[in-house]
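What follows is a single structure, written as structure tokens, with notes after it.
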Amino acid sequence: MRLRLRLGWRLLVEVGWVRMAILAPVVLIVTSRALVLAAPHPQGQWAVPVLVALLLASAHRQRADLRFLAISAPHYRRWLAVEYALLALPVALVLMLFQDWGAALLVLGLAPGAAVLPPKQERRSSRHKARSLFRSEAFEWVSGMRTGGLWAWPVLLAGAMWGHSSPLGPVVALVLWLLVLLAFYGTPEPVTMLVLLARTPRQLLRRQLALGLGYAALSAAPFLWLLGSGPAGPGGAVAVGVFWLGLVGLIILTKYAFYPNATHIRSIQALVVGVALLLPGHPVYPVLLLVAVGGLIWQSQRRMRAVLGEDEQKVEQ
């Protein structure tokens, strides 16, 4: 546990105090607001334990220290179960405040179970991989669907169909699917994969945006159809769809704006999504959104020019 605290401290230092001062309050407010909205809802309270379990399971399977722990500490899964229970405890306490005793106990029961899951398998050679339905250029979708998205999408769609009588069901499913896409675009690939596309920085960004937004629109279409056929109507579904795709575009731009630092990519992506979900309707929101879009477009082109330019110089040498 002391090792985990040290690693957490190093992560905070890597993110930086300025980013943490902005990111931490936004994430805390967004999380608190989501819990306050879900806890009083008869069906929403039961979605909280499932979401917490999925997030912990995804984080556990992507941990880089599982092999080290397996060698150095034979009973490491017990300590991981304690760690995950402590992480889920604040969520359970909020549910208890709303007297959602069953959902709170389910949170504490499911969270430690993530410790028994196996680590994510390493990429196998191409001859043993099943052929993907996505273009190879969209490597985020190829790897993301293989490592969890392929089963998360139908589960979320089933949940949206179950709660489609209320706009909350499809909207919550879309938000959860957006969090899954965050994992798709949170891991930077090796620079050689970008160079093999043989494109200028502007062409690369346009192509990745077109592929990412195209696949995102196709995956969100069933959720939007359920939303439009319900009380929200077609107009509400279109508005939600445009807003949701705009967030996906910002997530993609953020990845390339801070490539290849995975910590900075994930922290800024969380900040962008948190602000977007927290401030709609606020008078400063349009200005803040315009600044974010312009800044990410400029920074992503600048970063890709630096990365691809450096690689071209290495090849020439």
Report task. Report yes if the side chains of Leu93 and Leu97 come closer than 4.5 Å at any heavy-atom pair, otherwise no. Result -> no

Query - Contacts of type side-chain contact (heavy atoms from CB on, under 4.5 Å), residue Ala257, not counting sequence neighbours - result: Leu296, Gln299, Ser300

Report summary line: Those residues at least two apart in sequence (or on a different chain) that pass side-chain contact (heavy atoms from CB on, under 4.5 Å) with Trp101 are Met96, Gln99

Query - Hphob cluster co-occupancy, Val50 + Val175, side-chain heavy atoms under 4.5 angstrom - result: no

**Report entry** Heavy-atom closest pair, residues Arg303 and Pro260
**Finding:** NH2-CD, 3.3 Å

Please output the side-chain donor-acceptor pairs of residues 83-90 that fall under 3.5 Å, not counting sequence neighbours, one pair per line with the distance.
{"unit_1": "Glu83", "atom_1": "OE2", "unit_2": "Arg4", "atom_2": "NE", "d": "3.2"}
{"unit_1": "Glu83", "atom_1": "OE2", "unit_2": "Arg4", "atom_2": "NH2", "d": "3.4"}
{"unit_1": "Tyr84", "atom_1": "OH", "unit_2": "His60", "atom_2": "ND1", "d": "2.8"}
{"unit_1": "Tyr84", "atom_1": "OH", "unit_2": "Arg63", "atom_2": "NH1", "d": "3.2"}

**Report entry** Derivation of the side-chain contact (heavy atoms from CB on, under 4.5 Å) call for Val155 and Leu54
**Finding:** CA-CA 11 Å; Val155 169; Leu54 289 176; 5.8 Å; no

**Report entry** Where Gly249 and Leu213 come nearest, the two heavy atoms and their spacing
**Finding:** N-CD2, 3.7 Å

Query raised in the report: Any link between Leu150 and Leu176 through a network of hydrophobic side chains (Ile, Leu, Val, Met, Phe, Trp, Tyr) touching at under 4.5 Å?
Result: yes

Requested in this report: Could you tell me the separation between the CH2 atom of Trp162 and the CG atom of Leu157, rounded to the nearest 0.5 Å?
Outcome: 14.5 Å

Report summary line: Excluding Trp298, membership of its hydrophobic cluster (Ile, Leu, Val, Met, Phe, Trp, Tyr; side-chain heavy atoms within less than 4.5 Å) reads none

Less than 3.5 Å apart, which donor and acceptor atoms pair up between the side chains of residues 232-245 and the rest of the protein, not counting sequence neighbours?
{"unit_1": "Trp244", "atom_1": "NE1", "unit_2": "Leu174", "atom_2": "O", "d": "3.0"}

Report summary line: One should read off an interatomic distance between Gln203 CD and Met304 CE, to the nearest 0.5 angstrom, of 14.5 Å

Query raised in the report: So if you build clusters from Ile, Leu, Val, Met, Phe, Trp, Tyr with side-chain heavy-atom gaps below 4.5 Å, do Val180 and Leu226 land together?
Result: yes

Query raised in the report: According to the salt bridge (Lys or Arg N to Asp or Glu O under 4.0 Å) rule, which pairs have a member within residues 148-170, sequence neighbours left out?
Result: none

Query raised in the report: Which is it for Met193 and Glu137 under the side-chain contact (heavy atoms from CB on, under 4.5 Å) test, yes or no, and what are the steps along the way?
Result: CA-CA 9 Å; Met193 296 184 67; Glu137 293 171 287; over 6 Å; no

Query raised in the report: Would Leu205 end up clustered with Val293 when hydrophobic side chains under 4.5 Å apart are linked, directly or stepwise?
Result: yes

Query - Sub-4.5 Å side-chain heavy-atom contact between Gln208 and Glu140 - result: yes

Report summary line: Closest non-hydrogen contact found for Pro40 with Asp100 is N-OD2, 4.5 Å

Report task. Evaluate side-chain contact (heavy atoms from CB on, under 4.5 Å) for Leu181 paired with Leu247, printing each intermediate quantity in order. Result -> CA-CA 10 Å; Leu181 296 187; Leu247 285 180; over 6 Å; no

Query raised in the report: If only atom types and distance count, is the side chain of Gln269 paired as donor or acceptor with the main-chain N or O of Ile251 below 3.5 Å?
Result: yes

Report task. Could you pull out all residues at least two apart from Trp177 that satisfy side-chain hydrogen bond (donor to acceptor under 3.5 Å, both in side chains)? Result -> Ser219

**Report entry** Close side-chain approach of Phe134 to Ser143, heavy-atom, < 4.5 Å
**Finding:** no

Report summary line: Interatomic distance, CZ@Phe258 vs CD1@Ile265, rounded to 0.5 Å, equals 9.0 Å

Query raised in the report: Quick one: does Val273's side chain get under 4.5 Å of Leu250's, heavy atoms only?
Result: no

Query raised in the report: With distance as the sole test, does Arg61 use its side chain to make a donor-acceptor pair with the main-chain N or O of Pro118 at under 3.5 Å?
Result: yes

**Report entry** With sequence neighbours excluded, residues passing side-chain contact (heavy atoms from CB on, under 4.5 Å) with Arg206
**Finding:** Arg202

Query raised in the report: Remaining members of Leu110's ILVMFWY cluster at a side-chain heavy-atom cut-off under 4.5 Å?
Result: Trp46, Leu106

Requested in this report: Tell me whether Val142 is reachable from Met145 by hopping between hydrophobic residues (I, L, V, M, F, W, Y) whose side-chain heavy atoms are closer than 4.5 Å.
Outcome: yes

Query raised in the report: Taking C-beta and beyond as the side chain, do Phe184 and Tyr215 meet within less than 4.5 Å on heavy atoms?
Result: no

Query raised in the report: For Tyr259, which residues count as a ring-ring contact (aromatic ring centres under 6.0 Å, His included) partner, sequence neighbours excluded?
Result: none

Query raised in the report: Considering only heavy atoms from C-beta outward, does the side chain of Leu156 approach that of Trp151 to under 4.5 Å?
Result: no

Query raised in the report: So, Thr200 and Arg305: side-chain donor and acceptor under 3.5 Å apart, yes or no?
Result: no

Query raised in the report: Say you draw a straight line from CH2 of Trp141 to CG of Leu218; how long is it, rounded to the nearest 0.5 Å?
Result: 8.5 Å

Query - All side-chain contact (heavy atoms from CB on, under 4.5 Å) counterparts of Ala81, not counting sequence neighbours - result: Pro112, Ala115

Query raised in the report: Between Leu117 and Ala57, what is the shortest heavy-atom contact and its length?
Result: CD1-CB, 3.4 Å

Report summary line: Those residues at least two apart in sequence (or on a different chain) that pass ring-ring contact (aromatic ring centres under 6.0 Å, His included) with Tyr256 are none

Query raised in the report: Yes or no on side-chain contact (heavy atoms from CB on, under 4.5 Å) for Thr187 and Arg266, after CA distance, side-chain angles and deciding distance?
Result: CA-CA 8 Å; Thr187 303; Arg266 293 167 184 170; 3.2 Å; yes

Report summary line: Interatomic distance, CG@Leu204 vs CG@Leu209, rounded to 0.5 Å, equals 9.0 Å

Query - Leu211 vs Arg207 side-chain heavy atoms within contact, under 4.5 Å - result: yes

Query raised in the report: Distance-only, no hydrogens or angles: does the Asp65 side chain make a donor-acceptor pair with backbone N or O of Phe68 under 3.5 Å?
Result: no

**Report entry** Heavy-atom closest pair, residues Ala160 and Ala173
**Finding:** CB-CB, 3.8 Å

